[in-house]
Amino acid sequence: MPFSRLARTQGQEYAFRLRYETFRALLEKNIGCLTILSDLEADLNHLRPSDTRVKRPLRRMFDEALLMAQELNLLSGNRFRDIYGQMDLIREDTLEIFRNPSAYEAEPLAVPLSDDKALKVSLVGGKAWGVARLSRLFPELTPRGFVLTTSAYRKIISENNLEDRIRLLLHDVETITDQEKLAERIKTIRRWILSATLPASVSEAMIKAASGIAQGEKLLWAVRSSAVNEDGRYSFAGQFDSELCIEPDNLAAACLQVVAGRFTERAVLYRLHVGLKEVDTPMAILFMPMVDPGAAGVIYTTDPREADSDKMLVNAVEGLGDKVIKGKAKADTFLLSRGASPQVLSAVPADELVKQPYRPEYLSEQTLSALGKLAQEAAAGFGHDLDIEWAVDRQGGIHLLQARRITQVKNEEVKVAKGRKAWPVIEGGVTIFPGRAEGEVFFLSDRADPATIPKGVVLVTRDPGPEISAALPRIAALLAEGGNPIGHVATLTREFSVPAVFRMGEAVKRLTLGKTVSVNAAKRTVFEGSRWTGI
Amino acid sequence: METKKNLRIMVIDDENIVGNRLKPALARSGDMVEAFVDPREALKRFQEDPFDIVVTDIRMDEMDGIEVLEEVQKISEKTKVIIITGYATVEVAREALSKGAFDFIAKPFKPNDLRVIIERAAKQLQ
Amino acid sequence: MRIADLLPSRAPKNSAYVDWKLRVTRMKKLLENARVFLGALEDGKEKIEGEYIIDERYVFSLVEKAMERTEMMVHDACMLAPEGGGDLFRALDDYWRKARKDFLAPIPRPSGSEEAPLGSEPEVLRLKAFLEWFERGEQGTGSLFSFFKRIVDHLVCSFPQGTFPAQGVMHMGVAGALVENRFRLLDMDRAKPTGPTRLVSVTDIACRPLGLLLMGSPAGDPGAAARERPVLKWFAAMDEDHVSLFSEDPRSPALWLSATLSGHADSDFIFVLGKNGRPAVFPEGFTVETVGDSTFGWIYDVPSHKIEQSLVALGKRCFAV
């Protein structure tokens with residue numbers, strides 16, 4: 001028996017006391033480690049893993065865990081002494097990341113689109129990168145412009161002491177269930193940004209780049225956000241702001257407006273929902289001289305409303321296209337054929353009362369055809385279909401302002417185990433909290449109100465968000481397509497002792513609403529019907 | 001040098017020690033300080049005659065500081081509200097800041113530290 | 001008796017390498033608890049002297065902090081040296097009883113609306129009483145601080161002898177003025193290295209505090225005379241920000257030296273423990289105490305450069321000997 005010798009020599013009381021205190025110490029350290037873990041998780045939203053601010057809590061956690069292992073082994077007669085070697089390896093591997101941090105290159109604060117560095121997405125963001133590429137293909141048709149880089153953005157944030165303040169306010173954003181509270185916090189962040197000042201170095205770089213392009217001309221500028229991770233796999237289209245017709249003296253204010261646009265409720269929740277970390281999605285700011293347009297709009301090199309379309313779609317308005325792009329105003333719609341000489345196949349006016357056939361004065365068929373040709377060339381140059389923002393000036397000259405990949409969503413085939421009733425219907429994922437539970441399947445869609453979740457159901461959701469915490473006490477089990485195993489929501493699920501499995505994948509969609517299923521969260525299996533009567 | 005207008009400062013905290021210490025410390029510079037242990041009484045007085053600055057504890061039995069903040073703002077938008085928090089309520093401080101509190105100070109604190117915050121708030125009143 | 005002796009006789013024992021990693025980590029933890037414990041006393045005194053506005057929540061949390069850390073130190077001490085731990089726990093229980101009865105009980109408020117004179121508010125009086133007990137104790141009962149010294153004494157009395165690990169360590173030689181220092185070094189951030197024992201030099205080690213400690217010794221090999229000088233053996237477990245240094249030689253000034261230098265004032269800490277009149281002299285800025293035939297001293301809550309200077313000064317005393 002463990003402690004037997006101690007008991008003999010020092011008395012039963014001491015042996016028992018030491019055992020008890022060791023167990024208490026173990027439990028306390030466990031809580032300590034979980035706290036460090038979830039704090040790190042929140043911090044890693046804003047800090048890079050190799051940031052030295054991550055090192056200290058990490059080391060603390062390793063030390064605590066080692067002592068926990070000692071305590072565990074004392075209580076169990078050294079049964080788990082293999083843990084020590086394993087922990088050493090984990091510690092060594094984890095700290096490796098700090099031994100080789102990627103060298104920080106001093107990146108420029110402002111970069112003209114014509115510069116090679118404008119082709120570096122991580123520096124200039126998706127939007128600016130698209131324009132830079134366009135300008136390589138059509139140097140005459142793309143306006144000159146410049147970008148305040150992600151380095152400049154980081155400088156704006158850090159020199160205005162915004163980094164820590166933003167981190168503080170968004171620290172527990174995953175668990176805020178009160179939308180009003182979240183909205184207020186985000187409003188506060190916007191206020192802080194709008195009352196910030198551009199660091200001198202950033203301001204100088206901006207003015208220098210702007211005058212370099214203006215060359216003495218008095219230009220009006222379009223100031224737009226260009227986020228990293230924008231227009232790539234995740235469509236951020238329209239998430240952030242753009243400011244138009246800005247005088248050179250107001251560039252700084254416009255810049256801050258655009259930066260503040262990164263922190264709207266929609267944008268913050270979007271990033272959270274899609275799993276994008278704040279630190280991975282810095283932004284750049286794109287400055288382009290305004291075109292004085294007779295017409296403006298967007299052209300899609302393939303009709304986005306139809307799969308595998310062989311037609312092109314054009315949205316157009318007279319004058320500035322800004323409102324159309326933001327989805328705030330209706331545009332005229334034209335369908336064009338593809339090929340060497342695109343033809344206008346149909347013309348649908350925004351105002352349905354206009355007489356057909358519709359022949360707008362602000363936009364001629366030749367212009368549309370030329371536009372179609374250019375768009376196809378651009379798509380060929382990029383290697384995929386594009387939606388391109390364009391403007392036609394009062395002299396009839398075409399300007400290409402932006403190019404974005406058209407997002408395609410595919411339906412993937414989901415393989416689900418079929419066969420005998422004894423086999424699980426779905427399997428896999430990560431156990432959040434073990435246990436068995438049965439109940440009727442209830443799907444929670446993204447916009448649904450958690451208050452509608454009935455009692456005793458097996459809740460199935462795509463990405464468990466903070467809003468479900470109110471329902472945790474009354475559900476039987478929680479299954480999720482995605483989800484973060486060590487995030488705040490997972491912690492809450494454990495606190496409520498709800499059997500839960502995350503990251504089960506799309507297979508969860510195959511469960512049938514209302515049907516009873518049995519969940520074994522420890523084994524990560526779900527069976528049809530009731531398997532264990534009397535749970 | 002511009003003459004500083006004397007401030008009217010209200011202190012609300014259900015623990016006597018706060019008002020006791022702050023009254024002499026803040027009144028030294030000529031400002032007028034009134035201390036209350038009952039937030040409802042304090043608000044009644046405020047309604048009669050709004051103060052320039054309100055310093056209120058965040059957690060009181062009768063009424064919490066956020067409520068006080070909201071009531072004060074309803075009566076007088078210009079008044080600057082400073083929140084006193086216990087050291088463990090950073091969460092509430094965040095909430096208070098986002099609701100429009102001017103700043104917060106955590107107990108234990110030196111009266112002089114609060115005075116510095118009050119001076120900053122006073123500048124914004126002009 | 002060691003903690004390993006508490007395991008059933010047939011249970012496999014840990015290697016010396018593992019044992020020392022556990023020992024060093026546990027000692028670090030004990031010192032961390034000590035730092036918070038000592039810091040509580042300092043903080044309470046600062047609040048009184050600085051005429052801070054405090055609330056009863058502060059007083060209770062301070063008392064609880066000091067007591068909880070004392071409790072944790074007792075457990076850590078027993079994990080390091082189980083023999084005689086029963087007495088420590090019994091004493092701990094007495095201290096807790098006293099703390100709960102006198103300092104954690106509700107603070108009486110005067111019934112009238114009379115304002116207490118400044119400096120005599122009930123919260124302040126309670127805090128003063130606690131600090132008094134912490135430092136000086138009361139008639140008949142020891143102070144909390146004396147209990148802390150007792151815990152340190154408990155550790156010293158049961159320091160393991162002759163058990164430094166031979167496997168998994170690196171070897172380093174550093175010439176002092178009068179002695180030759182031989183180190184066995186263990187890297188806490190790495191798994192146990194396999195293969196032949198590595199010989200390293202001062203420039204190879206990535207441990208900042210150890211580097212500063214060694215700055216006092218002359219560089220390079222002074223030559224043939226070195227071989228005739230007495231050898232002082234050391235064992236050091238280190239990572240980037242920390243070193244735990246041990247020596248069993250009665251000639252060495254320090255039995256145990258623990259130094260954390262992370263650049264964060266809230267964790268930087270130097271603790272030195274010696275025996276039988278050693279260390280004779282501590283660098284300036286250290287608080288020094290004696291208990292039994294041990295002397296120990298510490299420094300914390302000072303700017304980084306002060307810690308750095310202290311390390312250089314200590315090093316000269318330890319290694320240039």
Side-chain angles (χ1 to χ4, degrees), chain A residues 1-7 9-26 28-29 32 52-53 55-56 58-60 62-71 73-79 81-96 98-99, chain C residues 1 3-15 17-19 21-30 32-33 68 71-72 74-80 82-90 92-93 168 186-193 206 239-242 260 262-264 266-267:
Chain A
M1 266 171 298
F3 290 91
S4 54
R5 191 189 316 172
L6 188 67
T9 55
Q10 311 272 309
Q12 295 275 17
E13 197 190 304
Y14 175 42
F16 182 76
R17 180 68 182 271
L18 185 56
R19 200 183 178 87
Y20 167 72
E21 296 290 348
T22 302
F23 185 53
R24 270 185 76 198
L26 174 66
E28 288 256 1
K29 289 190 183 68
T52 46
R53 280 169 286 185
K55 242 203 276 195
R56 209 162 70 112
L58 206 54
R59 273 225 179 82
R60 266 195 66 83
F62 284 133
D63 281 350
E64 295 284 293
L66 186 64
L67 294 179
M68 278 174 71
Q70 183 187 36
E71 284 151 6
N73 274 306
L74 189 63
L75 293 170
S76 67
N78 226 18
R79 201 150 36 111
R81 72 195 187 291
D82 291 340
I83 289 183
Y84 300 129
Q86 288 301 316
M87 290 181 72
D88 265 1
L89 287 169
I90 293 174
R91 182 168 175 150
E92 185 177 270
D93 281 345
T94 311
L95 293 174
E96 192 61 42
F98 301 106
R99 294 190 194 105
Chain C
M1 177 195 271
I3 202 74
D5 299 328
L6 292 181
L7 303 171
S9 46
R10 261 176 290 141
K13 304 283 190 261
N14 300 327
S15 63
Y17 177 85
V18 169
D19 260 349
K21 271 202 166 170
L22 292 173
R23 165 162 290 275
V24 167
T25 311
R26 183 66 65 174
M27 288 171 105
K28 251 175 94 175
K29 183 78 192 179
L30 189 147
E32 183 197 300
N33 289 327
E68 276 162 11
E71 188 169 86
M72 286 157 78
V74 170
H75 179 251
D76 288 332
C78 290
M79 291 297 279
L80 287 163
E83 181 93 31
D87 294 333
L88 282 183
F89 275 117
R90 265 188 286 275
L92 173 71
D93 291 340
L186 191 152
D187 189 339
M188 298 293 280
D189 279 346
R190 299 232 185 233
K192 189 170 177 185
D239 66 38
E240 243 185 331
D241 299 338
H242 173 87
T260 302
S262 63
H264 296 264
D266 65 348
S267 65

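To find a chain, count down the sequence lines: A is the first, B the second, and so on, and within it residues start at 1.
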Subject >> Nearest-0.5 Å distance that lies between atom CZ in A/Phe62 and atom CG in C/Asp189 >> reply: 9.0 Å
Original post:
Which of the residues A/Arg59, A/Arg81, A/Gln70, A/Arg79 is involved in the greatest number of heavy-atom pairs with chain C at under 4.5 angstrom?
Top reply: A/Arg59
Original post:
For the residue pair A/Asp88 and C/Lys192, what are the closest heavy atoms and their distance?
Top reply: OD2-N, 4.1 Å
Subject >> For the student: nearest non-hydrogen atoms of A/Leu18 and C/Cys78, plus distance >> reply: CD1-CB, 3.7 Å
**OP:** Mind ranking C/Asp187, C/Asp93, C/Val74 by heavy-atom pairs under 4.5 Å with chain A and telling me who comes out on top?
**Re:** C/Asp93
Original post:
Looking at C/Lys28 and A/Asp63, does any basic side-chain N land under 4.0 Å from a carboxylate oxygen?
Top reply: yes
Original post:
Under a 4.5 Å heavy-atom cut-off, does chain A meet the side chain of C/Met188, its backbone, both or neither?
Top reply: both
Original post:
Which bit of C/Lys21 is near chain A, if near means a heavy-atom gap under 4.5 Å: side chain, backbone, both or neither?
Top reply: both
Original post:
For C/Asp241 and A/Lys55, what are the C-alpha separation, side-chain angles and deciding distance, and is it a salt bridge (Lys or Arg N to Asp or Glu O under 4.0 Å)?
Top reply: CA-CA 11 Å; C/Asp241 299 338; A/Lys55 242 203 276 195; 6.0 Å; no
**OP:** Heavy atoms only, distances under 4.5 angstrom: which of C/Asp87, C/Asp76, C/Val18 has the most pairs with chain A? Name it, please.
**Re:** C/Val18
Original post:
Does any heavy atom of chain A fall under 4.5 Å from the side chain of C/Glu240, the backbone, both, or neither of them?
Top reply: both
Original post:
CD of C/Glu83 to OH of A/Tyr14: how many Å apart, nearest 0.5 Å?
Top reply: 8.5 Å
Original post:
Any chance the side chains of A/Arg56 and C/Ser267 put a donor and an acceptor closer than 3.5 Å?
Top reply: yes
**OP:** Can you measure from CZ (A/Arg60) to NZ (C/Lys29) and round to the nearest 0.5 angstrom?
**Re:** 5.5 Å
Subject >> Under 4.5 Å from a heavy atom of chain C, the part of A/Glu28 involved >> reply: neither
Subject >> Closest approach of A/Arg17 to C/Leu92 (non-hydrogen atoms, all atoms of both residues) >> reply: NH2-CD2, 4.2 Å
**OP:** Decide, yes or no, whether a salt bridge links A/Arg91 with C/Asp239 under the criterion of side-chain N to carboxylate O below 4.0 Å.
**Re:** yes
Subject >> Spatial distance of atom CG (A/Leu67) from atom OG1 (C/Thr25) [nearest 0.5 Å] >> reply: 5.5 Å
Original post:
Salt bridge check: are C/Arg26 and A/Glu71 linked by an N-O gap of less than 4.0 Å?
Top reply: yes
**OP:** Calculate, to the nearest 0.5 Å, the distance between atoms CD and CZ belonging to A/Glu21 and C/Phe89 respectively.
**Re:** 4.5 Å
